[in-house]
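The structure displayed is predicted, hence computed values, not measured ones.
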Amino acid sequence: MNGEESGLRARARAEYGARMRKFRKSLGLSHERLAASAGVTYSESQIGAVERGARTPSETFTEEIEQVLGLNGELKELLPDIHNDVGPAWFRPWPGVEAAAHSIRTWEPLVIPGLLQTERYAEQVLLGEPGTTMEQVQKGVKIRLKRQEVFSRSEPPMYSTLLDETALHRPIGGEEVMREQLAHLLTAMRYPRITVRIVPLIAGLTTGLEGAFEIAQADGSPDTGYVESSLAAEVTNRVHKVRALGVRWDALSSMAHPVNVSEKVIREAMERYEN
């Protein structure tokens with residue numbers, strides 16, 4: 001487990017304990033009285049350990065405590081981060097990297113980037129994986145939407161994405177889903193910390209067609225890259241690999257439309273889905 005992954009889990013456990021303590025005290029319950037409540041099978045010491053962050057809460061523990069405290073998922077929503085249940089092993093460090101970053105640069109040749117996807121668009125993208133189940137799709141969508149909370153931070157990262165024009169014309173989910181997705185993209189572009197630029201078809205590029213990638217920068221940490229292909233992906237902070245991604249991003253950036261032209265291209269694509 002690397003530092004970012006461990007830190008993410010520790011923060012989630014601390015937040016879980018703080019929430020549990022707040023809701024317990026709001027009902028005037030001590031650890032002893034909570035443990036003695038109907039439906040709770042855990043001891044006073046176990047409850048105290050979870051609140052202190054010394055014990056990892058299970059799903060069963062959470063369900064019992066939420067029922068007694070009259071909650072509706074306020075604790076359960078933290079379990080994916082606590083249990084590091086955020087996708088495949090190779091992907092698990094990445095949400096922590098994104099959460100700590102002050103700037104993120106991305107390149108996406110095929111679909112709208114995950115941090116800017118709507119729920120319905122993300123669902124359709126994930127459904128495209130052969131053999132996937134609806135349970136896996138729903139879990140994947142939840143993870144993706146959770147990652148988007150990075151933009152809700154008091155100081156969100158500077159996010160700059162380069163998007164191949166073909167992604168605007170690939171009707172994932174049909175016209176209604178695409179209209180909603182492109183409208184969401186335009187709305188996101190209004191925020192001063194989010195930049196979206198389109199690499200036009202006429203660029204005739206080959207650089208970057210091998211797959212999507214991201215580069216994240218954070219204070220006190222080495223730059224980290226996330227590289228994706230159809231069969232594999234990798235999170236790395238190896239200097240030579242991240243530097244190569246930066247060079248590739250700069251090459252793609254030189255081919256991209258400026259922001260105002262990119263906005264026009266996106267709007268025209270959205271209008272075609274309205275006809």
Side-chain angles (χ1 to χ4, degrees), residues 2 4-5 8 59 76-77 79-99 104-151 159 161-185 188 196 198-199 201 206-216 224-236 241 245 248-249 252 266 269-270 273:
N2 64 25
E4 293 93 350
E5 185 177 339
L8 179 65
E59 187 167 351
K76 194 171 185 178
E77 69 180 7
L79 291 181
D81 286 345
I82 290 173
H83 295 290
N84 202 27
D85 187 16
V86 290
W90 54 260
F91 180 76
R92 289 172 186 168
W94 189 248
V97 172
E98 284 181 330
I104 301 172
R105 290 176 287 162
T106 78
W107 156 247
E108 179 53 71
L110 299 173
V111 296
I112 306 301
L115 287 182
L116 298 178
Q117 289 179 6
T118 64
E119 182 173 353
R120 291 202 298 171
Y121 184 92
E123 181 180 87
Q124 292 299 315
V125 169
L126 294 170
L127 278 170
E129 180 66 26
T132 193
T133 65
M134 278 307 301
E135 182 180 357
Q136 290 171 325
V137 168
Q138 290 166 2
K139 178 180 175 181
V141 170
K142 185 176 180 180
I143 291 169
R144 196 154 295 185
L145 296 179
K146 179 73 174 176
R147 287 171 55 208
Q148 293 177 7
E149 293 179 7
V150 70
F151 295 125
Y159 181 78
T161 187
L162 302 172
L163 177 62
D164 193 85
E165 188 177 356
T166 56
L168 306 178
H169 304 296
R170 184 169 290 108
I172 293 174
E175 293 183 352
E176 185 178 343
V177 170
M178 286 301 298
R179 280 198 303 272
E180 179 185 64
Q181 175 60 72
L182 296 184
H184 179 72
L185 199 58
V196 179
I198 304 300
V199 176
L201 287 171
T206 57
T207 301
L209 291 184
E210 296 91 344
F213 62 84
E214 297 189 40
I215 306 168
T224 305
Y226 164 57
V227 188
E228 187 177 277
S229 70
S230 60
L231 295 177
E234 177 186 12
V235 175
T236 180
K241 289 188 175 183
L245 291 177
R248 185 166 295 182
W249 196 90
L252 290 162
I266 296 169
M270 183 180 71
Y273 287 114

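Atoms OG1 and CG, on T161 and L185 in that order, are 8.5 Å from each other to the nearest 0.5 Å. The distance from the CD atom of E165 to the CD1 atom of I198 is 7.5 Å, given to the nearest 0.5 Å. A distance of 9.5 Å separates OG1 in T118 from CG in L182, rounded to the nearest 0.5 Å.
Counting only heavy atoms from C-beta outward, the side chains of R120 and E123 never approach each other to under 4.5 Å. In this structure the side chain of Q181 never reaches within 4.5 angstrom of the side chain of I172, judged on heavy atoms. Taking 4.5 Å as the limit, every side-chain heavy atom of V196 sits out of range of all side-chain heavy atoms of Y159. Side-chain contact between L245 and W107 is absent, with no heavy atoms from C-beta onward closer than 4.5 Å. Annotation: side chain of T106 is not in contact with side chain of Y226 (no heavy-atom distance under 4.5 Å). Residues R248 and F213 are in side-chain contact: their nearest non-hydrogen atoms beyond the backbone lie under 4.5 Å apart.
Taking each heavy atom of A212 and E108 in turn, the nearest pair found is CB-OE1, 3.3 Å. The nearest pair of heavy atoms linking A99 to V150 is CA-CG2, 4.2 Å. L115 approaches I104 most closely through the heavy-atom pair CD1-CD1, 4.4 Å. Looking at every heavy atom in both residues, M178 comes nearest to A167 through CE-O, 4.0 Å. For A122 against R144, the heavy-atom pair with the smallest separation is CB-CD, 4.0 Å. The two residues R179 and Y273 make their nearest non-hydrogen contact at NH1-O, 2.7 Å.
The pair R147-E214 meets the salt-bridge criterion, with a side-chain N (NZ, NE, NH1 or NH2) lying under 4.0 Å from an Asp/Glu carboxylate O.
Within 6.0 Å of atom CD in Q136, more than 12 heavy atoms from other residues, nucleotides or ligands are found, so the atom counts as buried in its surroundings. Within a 6.0 Å sphere centred on CD of Q148, other residues, nucleotides and ligands contribute more than 12 heavy atoms. Within a 6.0 Å radius of NZ in K146, more than 12 heavy atoms belonging to other residues, nucleotides or ligands are found.
Residue L163 forms a side chain to side chain contact (heavy atoms under 4.5 Å, CB included) with just one option from L116, I266, I112, V111, and that option is I112.
Judged purely by atom type and a 3.5 angstrom limit, T166 has no side-chain atom pairing as donor or acceptor with the backbone of L201.
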### Query
Step by step, would you call L126 with V141 a side-chain contact (heavy atoms from CB on, under 4.5 Å)?
CA-CA 8 Å; L126 294 170; V141 170; 3.7 Å; yes

